[in-house]
There are 4 protein chains.
Amino acid sequence: MTPLPRFLAGAAEPERPRLRKRERTRLALIDAAVRVFSSRGFAAATMQEIAAEAGMTTGTLYNHFDAKADIVAAVAIAIAQTMQERSSARRDSLSRGVERVAMGCQHYLWLAKQSPDWALMLLDVAAATPAFLETVGAYVRADVRRGVRQKEIEIESETAALDLVCGSVMQGMRSIALGLAPPRHGTAITAMVLRGLGVPAEPARKIARKVLATVPGGDAGYRRGR
Amino acid sequence: MTPLPRFLAGAAEPERPRLRKRERTRLALIDAAVRVFSSRGFAAATMQEIAAEAGMTTGTLYNHFDAKADIVAAVAIAIAQTMQERSSARRDSLSRGVERVAMGCQHYLWLAKQSPDWALMLLDVAAATPAFLETVGAYVRADVRRGVRQKEIEIESETAALDLVCGSVMQGMRSIALGLAPPRHGTAITAMVLRGLGVPAEPARKIARKVLATVPGGDAGYRRGR
Amino acid sequence: MTPLPRFLAGAAEPERPRLRKRERTRLALIDAAVRVFSSRGFAAATMQEIAAEAGMTTGTLYNHFDAKADIVAAVAIAIAQTMQERSSARRDSLSRGVERVAMGCQHYLWLAKQSPDWALMLLDVAAATPAFLETVGAYVRADVRRGVRQKEIEIESETAALDLVCGSVMQGMRSIALGLAPPRHGTAITAMVLRGLGVPAEPARKIARKVLATVPGGDAGYRRGR
Amino acid sequence: MTPLPRFLAGAAEPERPRLRKRERTRLALIDAAVRVFSSRGFAAATMQEIAAEAGMTTGTLYNHFDAKADIVAAVAIAIAQTMQERSSARRDSLSRGVERVAMGCQHYLWLAKQSPDWALMLLDVAAATPAFLETVGAYVRADVRRGVRQKEIEIESETAALDLVCGSVMQGMRSIALGLAPPRHGTAITAMVLRGLGVPAEPARKIARKVLATVPGGDAGYRRGR
DNA sequence: GATGAATGAGTTTTCATTCAT
DNA sequence: AATGAATGAAAACTCATTCAT
């Protein structure tokens, strides 16, 4: 399995070293689930595998999660939160809604290149857990709205805009993760999405390229091919 | 379960009544699988259910499909082909690539309204079987290319365009099928997708509305709520 | 089914009453498998029968053995080890290699008379699991080698000697178990095997008869017919 | 799969070209069964595989054999008869019982070297079909008896002698087929068996080597290793 | 809280056999 | 005689979940 990019590694790990033991165990289990889901897909993953990966037993796993669906949901939420937290600094440095939207797109697309297995797992989990898209969608919605206020985005419906952004990015992630995408796929997708939101072609392309600088590694990843 | 729209019913049924027996059985099994997948989701569906739904035994099912993945793939391909066949007449009446792309989008989005269960099954199956998107993607690619030749579409990469079209439409279908979408969602999505492909906002909206007339029932369906 | 001779009963039972639970379950399953294999033949035995015979469920059985072949192998090894353990005292009392070889032959041949079903099961299992003959063969090889050192056995190849001993004894067991053998078949086979190893006819016969005394019940068993 | 030695190829084929059609089909099916059993083992072979290998359908197979056991038995008998027929000329040229016994041993052991898969199949089938050993045993018994009359063999029991001969040879075949036997294993086994029947060591060895000349290819096969 | 053995219902899959054509 | 599609009972194996320790 492709190693998780530094950007995400230890997503579920305690930030405060003095976390309560129960919480530490819980996070270790989520971390293990992420690893197992990434390598086998979540449908094929078993509770015993997750427990074993965490160095624990199924009993302990069930002490923390009542059912398999629960740990899947926990994984989805953990991923969504971590993604936001890790990018919040960079996000705050951008004041234009269009740039924020673009950064979000590039971010996820970049991760698909860095960790294809992880990306496929994410798509898997997202499809199974509505909570995931709701969480992520809330941020996207805020950024889109900001762009509308700033007159850079012009849309008929926010829901449609979200479907455009999330749908295109997820499909783009799949193409990249499966090795079907040409170089600079992330930038191409991002620029198209911006155009779809009403940004003229040239600025759209420029913004897509500009925010790439805020993504660790930039566009480089896409150039290496697979 | 929502009944299949007349448009799709009997997708897998023999056109020639004197089809070979083996072929008739095969189509009956695919038809049964569509029904079972629609009502339970394909992951939850069992081979026994499919066989029973077709009025046959698991043995017969395995006589035709070596594994569960095989019948899922057969279903995916059958759906993709039927969708194309059923809309080929209307499609042929449109000479502009942009209109053809728009019609494809509206078509799938309209079906999500007509048969939410069927749409969710389709999304499920599409995620599991690359064959589906490959089949559909070939048509979309041809239409996009035509639009490019006609200077109405301007893109950097065909693959990215496909991801935009298919990703947005699939996400839109999900919103519609889950009842999360406002009225006229299909048209909104379609117009945005066209903009993403480089069509200016106003023509995009006009095209989206225009091709709706080619979809049975038009935009009306979206207004009825769920 | 012929009851197991006292000599072998409970082969797989714990010697120490305070064995770990997992180990106790494992031995109970092996014991059950021996019983089922003996009454139905191992090819016809099902995992459910074995589990039921042990008063457990298939899940538990699979918890301990990954596949049917695994429990067959475990049975084979358990039998081979038990046979050696149970006869080790008597074996140690014999210093001549030829006597030890003879005793081994008589032992298995005697058991075929005592428990025909058990013997047929053993032959079945031996054919399916190389581990059995490897385990038993190691002892035979040591005894043959000892006989060679003592200049009572003279052979060209150890492997050939093992094939002679094991092949003849197994075929003899089959004849006896199927009720096709005349009285004193075990002694006749044993004497011939010794001759094959280079022991002159008269001593061979004497040794075969002598070691019979070390087998519980002696040659008597063969006279009762079936 | 190792090809069948020329010696056995087409064992089941019609000798008279004008055989009735039913008989020709039957022999073709037996031939196909031999091939399938050799490559997969008879327990793992399916009726559909056998039919397909013969270029026919299961229906036809069942027209000729009422059950799987029946075709297994037919295969066993066909093999036994062919083996005898093919060696009858050479056998008739030997007047001493010991030589005939030796030739029979060498023959089967040589085949194990030439066609390991075929040999393992034979052992498989022999274990399942008593008729096989009965057929072969009748010839061995006659040769042993001849040797007794000629005062070259001295045994206590014919049944025991048969167990010695057949058991040792079958075990030897297994060793050879599995690649566990050293060079000249066939000769070593044969010589030992003769000793077991009362032939002194030196003549036993000489006879074993002599009859090897009557086997196509002679001892050469054993030297090549595997 | 953790353990880990046991559970057992549920699934996929296999294949000998039948039978209408 | 041959076909080959259909059968269906049975088997192996899985895994989420429970619970006594």
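Quick note on labels: first sequence line is chain A, next is B, and so on, each numbered from 1.
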Would you indicate whether the side-chain heavy atoms of [Y] and [X] approach each other to under 4.5 Å?
| X | Y | answer |
| --- | --- | --- |
| D/F65 | D/I30 | yes |
| A/L133 | B/R174 | no |
| D/L120 | D/L178 | yes |

In this structure, how many angstroms lie between the [atom2] atom of [N] and the [atom1] atom of [X], rounded?
| X | N | atom1 | atom2 | result |
| --- | --- | --- | --- | --- |
| D/R24 | F/dA2 | CZ | C1' | 14 Å |
| D/F65 | E/dT18 | CZ | C1' | 18 Å |
| C/M47 | E/dT7 | CE | C1' | 15 Å |
| C/K68 | F/dT14 | NZ | C1' | 18 Å |
| B/H64 | F/dG4 | NE2 | C1' | 10 Å |
| C/E23 | E/dA5 | CD | P | 11 Å |
| B/R26 | F/dA6 | CZ | C1' | 17 Å |
| C/L61 | F/dC13 | CG | P | 10 Å |

Check your understanding: Under 3.5 Å, side chain of C/T129 to main-chain N/O of C/F132, donor-acceptor pair present?
Key ->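 Checking the backbone N and O of C/F132 against the side chain of C/T129, no donor-acceptor pair under 3.5 Å is found.
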
* Do D/D124 side-chain atoms and D/F42 backbone N/O form a donor-acceptor pair below 3.5 Å? -> yes

Comparing C/M56 with B/D66, nearest DNA chain E nucleotide closer to 5' gives the residue C/M56

Next on the checklist: Any strand counts, and the cut-off is 3.5 Å on both contacts for Watson-Crick or G-U wobble. Which nucleotide pairs with E/dG8?
Outcome noted: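 Base-paired to F/dC15.
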
According to the Watson-Crick and G-U wobble definitions, with both distances under 3.5 Å, which nucleotide is paired to F/dA20?
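E/dT3 is the nucleotide pairing with F/dA20.
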
B/T58 has its side chain closest, among E/dG4, F/dC13, E/dT13, to E/dT13

Per atom distances to the B/T25 side chain, the nearest of F/dC15, F/dA6, F/dT17 is F/dA6

* To do: Tell me what C/T60 touches on the nucleic acid: a base, only sugar-phosphate, or nothing, going by heavy atoms under 4.0 Å.
  => base

Do the side chain of [X] and the base of [N] come within less than 3.5 angstrom through a donor-acceptor pair of N or O atoms?
| X | N | result |
| --- | --- | --- |
| C/N63 | E/dA5 | no |
| D/Q48 | E/dA16 | yes |
| B/T57 | F/dA5 | no |

Per nearest nucleotide of DNA chain F, the residue lying toward the 5' end, C/A45 or C/G59, is C/A45

N/O (side chain, C/Y62) to phosphate O (OP1/OP2, F/dT14) under 4.0 Å: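 Checking C/Y62 against F/dT14: no side-chain N or O falls below 4.0 Å of OP1 or OP2.
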
Handout entry: Phosphate-side-chain proximity, D/R22 and F/dA1, N/O vs OP1/OP2 below 4.0 Å
Key =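 So the side chain of D/R22 is within the cut-off, an N or O lying under 4.0 Å from OP1 or OP2 of F/dA1.
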
